[in-house]
Amino acid sequence: MRSTGIRRTLVALGVGALALTACGSDGDDAADGTTRLTVNCMPPKSAKVDRQFFEEEIAAFEKKNPDIDVVPHDAFPCQDPKTFDAKLAGGQMEDVFYTYFTDARHVVDIKQAADLTPYVKELKSYGTVQQQLRDIYTVDGKIYGIPRTGYSMGLIYNRELFEQAGLDPDRPPATWDEVRTAARKISALGDGVVGYADYSAQNQGGWHFTAELYSQGGDVVSADGTKATVDTPEARAVLQTLHDMRWKDESMGSKQLLVINDAQQMMGSGKLGMYLAAPDNIPILVKEKGAKYENIAIAPMPGGKATLVGGDGYMFNKNATPEQIRAGLKWLDHMFLTPGDGFLGDYARAKQHDAPVGLPEPRLFTGAADTKDQQVKQANANVPVENYKAFLDGNQQLEMKIEPPHAQQLYSVLDGVVSAVLTKEDADIDQLLKDASGKIDGILARS
């Protein structure tokens with residue numbers, strides 16, 4: 001599942017259901033030898049600054065490559081799950097199209113992705129990208145996509161409320177027991193303040209349950225992806241903690257069935273102590289919800305075992321010609337994969353337009369490319385990077401685990417488990433997990 005559909009400068013950027021006109025390789029090569037390339041994930045007009053950056057980079061790319069005509073399509077979000085498969089099957093997907101990490105195998109399985117293996121050596125930056133991210137788009141030894149950004153989950157918290165509750169904001173909770181204790185103290189402040197909030201609707205509860213289970217050393221499915229592994233002591237521990245915080249401590253408030261916007265509203269208004277999210281929530285809290293950068297911090301996932309990671313990248317239409325694939329790889333290099341430059345990496349330009357620079361995103365690059373990217377980012381940082389030190393340091397000790405196969409279907413099942421625990425004081429955790437395990441086994445068996 002995506003974090004928010006937002007990356008560093010992209011305070012409103014997502015990608016999705018685009019104009020339902022035939023895309024693919026129709027009219028790909030003009031009579032003059034120009035290669036026409038359709039791409040998606042252009043920021044919508046409502047995101048004026050991001051759209052300006054995107055258009056500037058396309059113009060710069062075409063100036064350097066006059067034999068390539070890039071035709072961008074915009075919409076919000078970048079990918080709409082309700083129309084994604086239909087666009088693929090109907091031949092209406094762009095030549096180069098946005099995907100979540102969890103889409104990679106599915107798109108390959110339904111035979112809608114071009115094999116990039118013979119061409120990827122032409123992508124100058126490919127060898128500099130983190131291996132674990134490259135592996136996500138490698139299926140059965142063949143390369144089908146290029147990662148663009150990543151995120152990892154952590155604990156966002158309100159430094160001011162920590163201080164008011166007698167907690168040290170420079171020593172955030174490192175275990176779930178410490179989260180529970182801190183939430184109890186914060187909620188004791190009264191005046192509608194909630195210590196800890198969690199999602200339990202629209203598949204987001206299942207997403208967070210998965211992250212919390214990872215943090216305890218558990219998993220949702222077996223390593224071979226064939227069996228559910230949620231009917232376990234680790235899963236019971238996750239649900240028991242949520243149950244006790246909700247009903248015994250009363251530190252999660254009475255309103256439940258929350259989704260991401262609810263938690264963001266509460267945090268932005270100064271009424272929430274903690275919730276799980278990725279760093280890209282921080283600019284939303286400030287720019288849209290009323291928070292201040294100096295008051296928002298992030299710590300690593302409590303538990304000390306692992307954290308959920310996700311992200312996005314681009315795949316190529318199965319009908320893309322060799323010329324379009326080569327042009328698309330050049331475009332990706334220019335837009336997203338040049339350290340300190342391009343649409344995502346031009347930190348100096350982002351700073352000039354008051355976009356946040358210095359948020360603790362997971363590092364995309366390695367080696368010299370990473371060094372350059374970090375140097376340029378640090379030189380242009382305009383957010384309190386000290387608030388993110390715990391997150392960056394702690395992540396070095398955690399296993400990075402991507403979302404499970406068939407994530408959305410599994411999250412739908414687990415949503416019901418989490419919502420039951422948070423809305424019914426007498427919820428039978430053992431039975432909930434047993435039932436969920438059977439449903440997940442059914443989903444995996446049908447895949």
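All figures in this text were calculated on a predicted structure; none of them were measured in a lab.
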Open item on the list: Salt bridge check, Arg51 against Glu56: does any charged N sit closer than 4.0 Å to a carboxylate O?
Closed with: no
Open item on the list: Which heavy atom of Lys45 sits nearest to which heavy atom of Asp74, and what is that distance?
Closed with: N-OD2, 3.9 Å
Open item on the list: Given 3.5 Å as the limit, does a donor-acceptor pair link the side chain of Gln256 with the main chain of Met252, or not?
Closed with: yes
Open item on the list: Pair Asn40, His73 - check side chain to side chain donor-acceptor pair (under 3.5 Å), show working.
Closed with: CA-CA 5 Å; Asn40 66 12; His73 295 167; over 6 Å; no
Task: Nearest heavy-atom neighbours spanning Val193 and Gly270 - done: CG2-O, 4.4 Å
Open item on the list: Can you classify the ring geometry of Tyr100 versus Tyr98 as parallel (below 30°), tilted (30 to 60°) or perpendicular (above 60°)?
Closed with: perpendicular
Task: Pair Tyr347-Asp373, side chain to side chain donor-acceptor pair (under 3.5 Å): steps then yes or no - done: CA-CA 9 Å; Tyr347 303 119; Asp373 190 59; 2.9 Å; yes
TODO: Decide, yes or no, whether a salt bridge links Arg171 with Glu178 under the criterion of side-chain N to carboxylate O below 4.0 Å.
DONE: no
Open item on the list: Tell me whether Ser437 contacts the main-chain N or O of Leu433 through its side chain, where contact means a donor paired with an acceptor under 3.5 Å.
Closed with: no
TODO: Kindly state each residue pair satisfying ring pair (Phe, Tyr, Trp, His ring centres under 6.0 Å) with at least one member in residues 259-293, sequence neighbours excluded.
DONE: none
Open item on the list: Surrounding NZ of Lys185 (heavy atoms of other residues, nucleotides or ligands, distance under 6.0 Å), is the total greater than 12?
Closed with: no
Task: Of all pairs that satisfy salt bridge (charged side-chain N to carboxylate O under 4.0 Å, His left out), the ones with a partner from residues 263-274, not counting sequence neighbours - done: Asp191-Lys271
TODO: Measure across Met315 and Val108 and return the closest heavy-atom pair with its distance rounded to 0.1 Å.
DONE: CE-CG2, 4.1 Å
Open item on the list: Would the distance check show the side chain of Ser200 and the main-chain N or O of Leu257 forming a donor-acceptor pair, the cut-off being under 3.5 Å?
Closed with: yes
TODO: Indicate yes or no: does Arg363 engage Asp370 in a salt bridge with an N to O separation below 4.0 Å.
DONE: yes
Open item on the list: Quick check: closest heavy atoms across Phe97 and Asn317, and the distance to 0.1 Å?
Closed with: CE2-N, 3.5 Å
- [ ] Sequence neighbours left out, what passes ring pair (Phe, Tyr, Trp, His ring centres under 6.0 Å) with His334? Give chain and number order.
- [x] Phe61
Open item on the list: Could you walk me through whether Asn281 and Gln264 satisfy the side chain to side chain donor-acceptor pair (under 3.5 Å) test, starting with their C-alpha distance in whole Å, then the side-chain angles of each, then the deciding distance to 0.1 Å, before giving a yes or no?
Closed with: CA-CA 8 Å; Asn281 270 228; Gln264 290 172 343; 3.1 Å; yes
Under 3.5 Å, side-chain donor or acceptor atoms of residues 160-170 against the rest of the protein: list the pairs with distances, not counting sequence neighbours.
| unit_1 | atom_1 | unit_2 | atom_2 | d |
| --- | --- | --- | --- | --- |
| Glu160 | OE2 | Gln164 | NE2 | 3.4 |
| Asp168 | OD1 | Asp170 | N | 2.9 |
| Asp170 | OD1 | Arg159 | NH1 | 3.1 |
| Asp170 | OD1 | Arg159 | NH2 | 3.3 |

Task: Contacts of Phe365 that satisfy ring pair (Phe, Tyr, Trp, His ring centres under 6.0 Å) - sequence neighbours left out - done: none
Task: Distance (rounded to the nearest 0.5 Å) between Leu344 CG and Thr149 OG1 - done: 7.0 Å
- [ ] Give, for atom CD of Glu361 and atom CG of Leu392, the distance between the pair rounded to the nearest 0.5 Å.
- [x] 9.5 Å
- [ ] Measure from the side-chain N and O atoms of Asn382 to the backbone N and O of Val357, and report whether any donor-acceptor pair falls under 3.5 Å.
- [x] yes
Open item on the list: Let me confirm one number: the CD1-CG distance from Ile429 to Asp231, rounded to the nearest 0.5 Å.
Closed with: 11.5 Å
Open item on the list: Once rounded to the nearest 0.5 Å, what's the spacing between atom CD1 of Ile260 and atom CD of Gln265?
Closed with: 11.5 Å
Task: Backbone N/O of Met266 and side chain of Ser269: donor-acceptor pair under 3.5 Å - done: yes
Task: Aromatic ring proximity, centroids under 6.0 angstrom, Tyr144 and Tyr137 - done: no
Open item on the list: The criterion is ring pair (Phe, Tyr, Trp, His ring centres under 6.0 Å); which residues satisfy it with Phe336, sequence neighbours excluded?
Closed with: Tyr314, Trp331
Task: Contacts of type side chain to side chain contact (heavy atoms under 4.5 Å, CB included), residue Asp224, not counting sequence neighbours - done: Ser222, Thr226
Open item on the list: If you define the side chain from C-beta out and look only at heavy atoms, does anything of Leu155 sit under 4.5 Å from Met301?
Closed with: no
Task: Side chain to side chain, Ile296 and Lys292, heavy atoms closer than 4.5 Å - done: no
TODO: Please list, chain by chain and in numerical order, all residues satisfying side chain to side chain contact (heavy atoms under 4.5 Å, CB included) with Glu234, sequence neighbours excluded.
DONE: Leu213, Gln216, Thr232
- [ ] Applying side chain to side chain donor-acceptor pair (under 3.5 Å), run through Gln131 and Arg134 and close with a yes or a no.
- [x] CA-CA 5 Å; Gln131 183 67 50; Arg134 285 186 276 159; 2.8 Å; yes
Task: Listed partners of Ala183 passing side chain to side chain contact (heavy atoms under 4.5 Å, CB included), at least two apart - done: Tyr196, Met245, Ser251, Met274
Open item on the list: So, taking the atom named CG in Asp135 and the one named CD in Gln130, what distance separates them when rounded to the nearest 0.5 Å?
Closed with: 11.0 Å
Task: Contact summary for Asp333 and Lys124, nearest pair of heavy atoms - done: OD2-N, 2.8 Å
Compile the donor-acceptor pairs under 3.5 Å between side chains in residues 415-425 and protein atoms, sequence neighbours left out, one pair per line.
| unit_1 | atom_1 | unit_2 | atom_2 | d |
| --- | --- | --- | --- | --- |
| Asp415 | OD1 | Gly205 | N | 2.7 |
| Asp415 | OD1 | Gly206 | N | 2.9 |
| Asp415 | OD2 | Gln202 | N | 3.1 |
| Asp415 | OD2 | Asn203 | N | 2.5 |
| Ser419 | OG | Asp415 | O | 3.0 |
| Ser419 | OG | Gly416 | O | 3.1 |
| Thr423 | OG1 | Ser419 | O | 2.6 |

Open item on the list: List the residues meeting side chain to side chain contact (heavy atoms under 4.5 Å, CB included) with Asp219, not counting sequence neighbours, and say none if there are none.
Closed with: Tyr214, Thr229, Lys401
- [ ] Spell out, as yes or no, whether a donor-acceptor pair under 3.5 Å connects the side chain of Thr366 to the backbone of Thr128.
- [x] yes
Task: Heavy-atom pair with the smallest gap, counting every atom of Pro147 and Leu337 - done: O-CD2, 3.7 Å
- [ ] First locate atom CH2 of Trp247, then atom CG of Leu242, and finally report the distance between them rounded to the nearest 0.5 Å.
- [x] 12.5 Å
Open item on the list: Looking at Met153, is its backbone amide N or carbonyl O close enough to the side chain of Thr307 to form a donor-acceptor pair, meaning the two atoms are under 3.5 Å apart?
Closed with: yes
Task: Residue pairs passing the salt bridge (charged side-chain N to carboxylate O under 4.0 Å, His left out) test where at least one lies in residues 243-268, sequence neighbours excluded - done: Arg180-Asp244, Arg180-Asp249, Arg184-Asp249, Asp244-Lys248
